[in-house]
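Worksheet: the structure to be examined is printed underneath.
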Amino acid sequence: MPQEIEPKWQQIWAERGVMKASDSSPKPKFYDLVMYPYPSGDLTVGHARNYVMGDVLARMKRMQGFEVLHPFGWDAFGLPAENAAMKRGNIHPETWTLGNIAKGKAELKMMGILYDWDREVTSCLPDYYRWTEWLFLLMYERGLAYRAMAPVNWCPVDKTVLANEQVINGRCWRHPDVEVEKRDLEQWFFKITDYADRLLADLALLDKWPNKVRVMQTNWIGRSEGAEVEFPVVGLEGEVVRIYTTRPDTLFGATFMVLAPEHPLVERITTEEHRARVREYVEKARKETEIERQSTERAKEGVATGGFAINPVNGEKIPIWVADYVLITYGTGAIMAVPAHDERDFEFARTYSLPIREVIAPDDGPSDTLREAYVGPGRLVNSGEFSGLDSATAIDRICEWLQAQGKGKRAVKYRLRDWLISRQRYWGCPIPIVYCSVDGIVPVPLDQLPVVLPKEYKPLADNPSFWKTTCPKCGEEARRETDTMDTFVDSSWYFLRYTDPHDATRPFDPELANHWMAVDQYTGGVEHAILHLLYSRFFTKVLHDAGLIEVSEPFMRLFNQGMVKRFGQVMSKSLGNGVSFDELVAAQGADAGRIYEMFIGPPEEDVEWTDAGLNGVSRFLQRVWRLVLEPEKIVVEGSGADASALSRKVAQTVGKVTEHFDELRFNTAVAALMELANTMQDYLQRGGERDERWVGAVRTLVKLLNPLAPHVAEEMWERLGEKGMLADASWPVYDAAVAAEPRLTLVVQVGGRVRDRLTVEPGLSEADALAAAMGSDKVRGALNGRGPSKVVYVKDRLINLVP
RNA sequence: GCCGAGGUGGCGGAACAGGCAGACGCGUCGGUCUCAAAAACCGAUGUCCGCAAGGACGUGCGGGUUCGACUCCCGCUCUCGGCACCA
């Protein structure tokens with residue numbers, strides 16, 4: 001197999017513009033998207049797995065007659081560029097980034113991965129980020145971008161704030177060893193919480209997403225239903241503590257209240273006598289890290305404020321405490337404590353000898369609420385007029401009562417918080433806002449976009465030539481916003497830019513976006529199960545509401561590929577276990593590498609890269625080459641070649657491979673092709689004729705191999721044409737007619753009950769089908785010792801079967 | 001603790017609207033070629049008994065349904081992922 005065929009075909013594909021997507025093609029569209037990468041410059045064959053999958057799918061869909069949009073781009077803003085710049089002295093982040101992009105692009109081409117490079121998107125270039133700024137202003141205009149002072153997560157290493165989604169177990173997502181700090185800062189937020197209900201509800205539409213991802217998003221959004229209730233504070237006229245509870249049926253069991261240490265009422269409620277201790281406690285809580293505070297292991301501690309509140313349902317006077325097991329960030333930052341029916345409250349009550357009153361009796365026997373909290377539903381006791389009701393009814397009734405009395409109302413809460421998008425970094429998309437002492441916050445007018453990132457690499461706040469400006473409204477001196485945006489803002493809409501990448505007047509043409517959207521297949525790592533996918537869904541919904549796009553969900557089908565490991569660790573250049581594209585192509589060629597990436601294991605699983613495995617795939621390709629172009633070299637070693645078995649195998653393989661490709665089960669698709677090659681080899685070894693049937697098998701093998709090993713397949717196809725073995729030597733088209741040939745199913749009934757189904761060869765006569773059915777173990781087993789039975793064609797044609 | 005996904009040869013893994021378990025590949029063993037080795041090619045390869053024909057046992061464990069269970073049901077167990085004081 002000659003080596004030089006790879007550059008040859010890569011050049012031909014480029015010249016022919018094979019992967020250029022036409023906006024006006026009459027063919028059905030297929031939008032095949034891979035998550036655009038951060039150009040870190042350490043691309044290995046591990047990363048390539050994702051791109052090979054996308055390419056195989058794109059090539060297959062093209063062969064099947066789709067107009068395929070298969071674009072690529074770069075998530076080019078972000079911290080690693082700044083870190084590299086710092087480490088290497090005077091390299092500008094842009095130089096570093098664009099250099100890596102050029103390198104990465106060449107490597108992808110080397111693997112025969114085809115994109116419509118005319119649509120390439122690079123998020124750090126002004127012709128892209130201009131529209132990121134534009135979209136920020138759209139958010140602002142729609143009331144979805146706001147500036148607020150809030151306790152935010154601060155990464156002390158990256159020296160910037162982080163979104164909630166970027167904090168994992170209280171640590172920075174980029175530095176698993178570094179705990180984030182809480183700081184009170186005024187920052188920009190996107191109001192993603194306005195979309196919480198829709199982001200949750202529409203998950204139901206995404207039935208082609210991995211269940212795992214949908215569950216993760218559901219949990220992240222964290223909807224809960226309950227009630228907000230107001231407890232008047234004793235001695236403070238008109239002042240109430242508002243609490244949120246999911247169990248209004250336990251209201252009569254509230255024996256105390258707890259405020260989060262940060263709760264604004266703490267100071268006012270605390271009595272003189274308790275002030276010193278409360279202040280000390282609040283101070284201590286503030287100093288603790290999130291990790292310490294959020295540990296469920298640790299004992300619950302708190303202090304009494306000396307203040308009291310009135311339980312609105314029974315007028316009871318109950319003490320108000322402060323404890324850090326109540327979070328200021330969830331609900332109202334205050335709770336009613338029902339120790340008999342909440343484990344946390346129970347633990348707290350036991351620690352401080354607070355009263356425990358049972359108000360829910362379990363349906364199945366007595367509970368012992370002095371030993372442990374009963375958290376399940378049951379029948380209300382000790383609950384005044386509501387006693388005797390079951391939990392569900394009581395929740396309804398009590399909510400109605402609260403509402404009627406003006407003391408509370410039903411409420412829905414989410415765990416999801418607004419998306420903090422400010423970053424105190426240079427290498428990001430500028431936030432197009434100006435602060436004027438007269439006009440306040442002033443958005444940069446659309447015709448003044450983009451706010452260009454200055455060439456000089458230093459903090460924007462230290463660069464007066466950047467931030468010194470004039471107010472767009474009044475013309476007085478003003479100051480620009482010097483924070484940049486989270487790079488996840490850039491990536492929340494790039495899939496839309498691909499549909500209209502050169503538009504100089506808007507982010508995208510709605511008509512083009514509507515033509516290509518939604519993405520039919522989206523492939524990328526599961527690490528974005530929440531972050532990127534949630535943000536992109538949010539953006540899409542906002543754009544939908546703004547009338548810019550018809551779809552309200554961006555990605556119809558999602559696939560998360562597993563990682564490639566070597567020596568037990570994820571492949572990476574810095575760990576020294578990476579295999580580069582050059583090494584791979586030099587060792588066994590791009591096609592062997594591509595097939596190996598697909599064959600190495602189930603696409604969603606993590607896999608271990610071995611050179612021996614790659615070698616095996618290489619042998620397979622060599623064998624195919626011999627079978628297709630040099631069959632005379634195969635030594636005849638036996639007899640009894642079965643031509644009809646060969647034909648059957650060919651038909652079977654077409655069906656299998658098509659199915660497996662469609663389901664992205666590339667490993668079994670490759671296995672099916674290997675089986676076909678083995679059968680073909682066996683056929684020749686047994687002295688099979690190289691007749692029309694043989695040529696048919698050869699053609700099928702080459703066609704099916706094309707998406708996986710395009711260089712070799714194209715070369716073989718061309719040479720077959722030269723040998724006169726093809727009626728038409730043009731670009732191979734997937735034989736949809738063969739692929740779609742329906743299989744005939746017999747339904748086996750025994751005693752009127754469907755016992756089994758049996759797939760038989762298509763094209764059989766009724767008698768032959770019957771004979772086939774009777775001859776199968778499946779049917780014989782089903783009929784074993786049974787009475788009169790019958791076999792039924794799926795389309796209501798009955799055949800009597802005599803056992 | 002809660003939620004989710006999984007346990008199949010020496011290894012990665014196939015098969016599953018119930019029907020010949022172990023496809024395909026790796027590895028190992030034997031052979032061809034070679035002075036030799038590697039590569040390549042050909043063949044064997046679940047375990048146990050047997051010279052063989054053949055037989056027994058086999059999909060984490062224990063039950064169940066069925067003519068028939070890796071597949072369905074019930075109960076365990078272990079592994080991996082996610083979330084976790086969310087009131």
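So that the names make sense, note that chain A is the first sequence line, chain B the second, and so on, each numbered from 1. No experiment lies behind these values; they were computed from the predicted model shown.
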Please give, in whole Å, the distance from [N] [atom2] to [X] [atom1]?
X: A:I600; N: B:G12; atom1: CD1; atom2: P; answer: 13 Å
X: A:E605; N: B:G7; atom1: CD; atom2: C1'; answer: 12 Å
X: A:F599; N: B:A14; atom1: CZ; atom2: P; answer: 10 Å
X: A:N164; N: B:A84; atom1: CG; atom2: P; answer: 10 Å
X: A:N219; N: B:C83; atom1: CG; atom2: C1'; answer: 6 Å
X: A:E343; N: B:A84; atom1: CD; atom2: P; answer: 18 Å
X: A:Q622; N: B:A40; atom1: CD; atom2: C1'; answer: 10 Å
X: A:D606; N: B:G82; atom1: CG; atom2: P; answer: 11 Å

- request: For residues A:L534 and A:I221, determine if any side-chain heavy atom of one lies less than 4.5 Å from a side-chain heavy atom of the other.
  value: yes
field: Close side-chain approach of A:W609 and A:V45, heavy atoms under 4.5 Å
entry: yes
Give [X] one of three labels, base, sugar-phosphate or nothing, depending on what nucleic acid heavy atoms sit under 4.0 Å from its own.
X: A:Q681; answer: sugar-phosphate
X: A:D345; answer: nothing
X: A:G222; answer: nothing
X: A:V326; answer: base
X: A:Q685; answer: sugar-phosphate
X: A:R665; answer: sugar-phosphate

- line: Of the listed B:C85, B:A87, B:G13, the closest approach to the A:P602 side chain comes from B:G13
Does the side chain of [X] get closer than 4.0 angstrom to OP1 or OP2 of [N] through an N or O atom?
X: A:N667; N: B:A14; value: yes
X: A:N615; N: B:G27; value: no
X: A:R623; N: B:C42; value: yes
X: A:Q217; N: B:G4; value: no
X: A:R415; N: B:A84; value: yes
X: A:N211; N: B:C3; value: no
X: A:R619; N: B:A40; value: yes
X: A:Y244; N: B:A87; value: no

Rounded [atom1] spacing from [N] to [M] in Å:
N: B:A38; M: B:G55; atom1: C1'; result: 42 Å
N: B:G1; M: B:U8; atom1: C1'; result: 31 Å
N: B:G68; M: B:C20; atom1: P; result: 15 Å
N: B:A23; M: B:A84; atom1: C1'; result: 43 Å
N: B:U47; M: B:G22; atom1: P; result: 14 Å
N: B:A37; M: B:G54; atom1: P; result: 37 Å
N: B:A14; M: B:G7; atom1: C1'; result: 16 Å
N: B:C29; M: B:G46; atom1: C1'; result: 16 Å

field: Glycosidic class, syn or anti, of B:G9 using a 90° window around 0
entry: syn
Can you confirm whether the side chains of [X] and [Y] place a donor and an acceptor under 3.5 Å from each other?
X: A:Y683; Y: A:N678; value: no
X: A:D418; Y: A:T193; value: yes
X: A:W173; Y: A:E165; value: no

task: Could I get the full list of side-chain contact (heavy atoms from CB on, under 4.5 Å) partners for A:K208, not counting sequence neighbours?
output: A:R557
Under a 3.5 Å cut-off for both distances, is [N] Watson-Crick or wobble paired, and to whom?
N: B:G30; answer: B:C42
N: B:C24; answer: B:G12
N: B:C51; answer: none
N: B:U66; answer: none
N: B:C80; answer: B:G4
N: B:C35; answer: none

field: By side chain to side chain donor-acceptor pair (under 3.5 Å) - contacts of A:D591 (at least two apart)
entry: A:H711
message: Suppose we call two aromatic rings close when their centres sit under 6.0 Å apart. Are A:Y325 and A:F348 close by that rule?
response: yes
- prompt: Which residue lies toward the 5' end of RNA chain B, A:T245 or A:M216, if each is placed at its nearest nucleotide?
  reply: A:M216
task: Between A:G613 and A:T332, just flag the one whose closest nucleotide in RNA chain B comes earlier from the 5' side.
output: A:G613
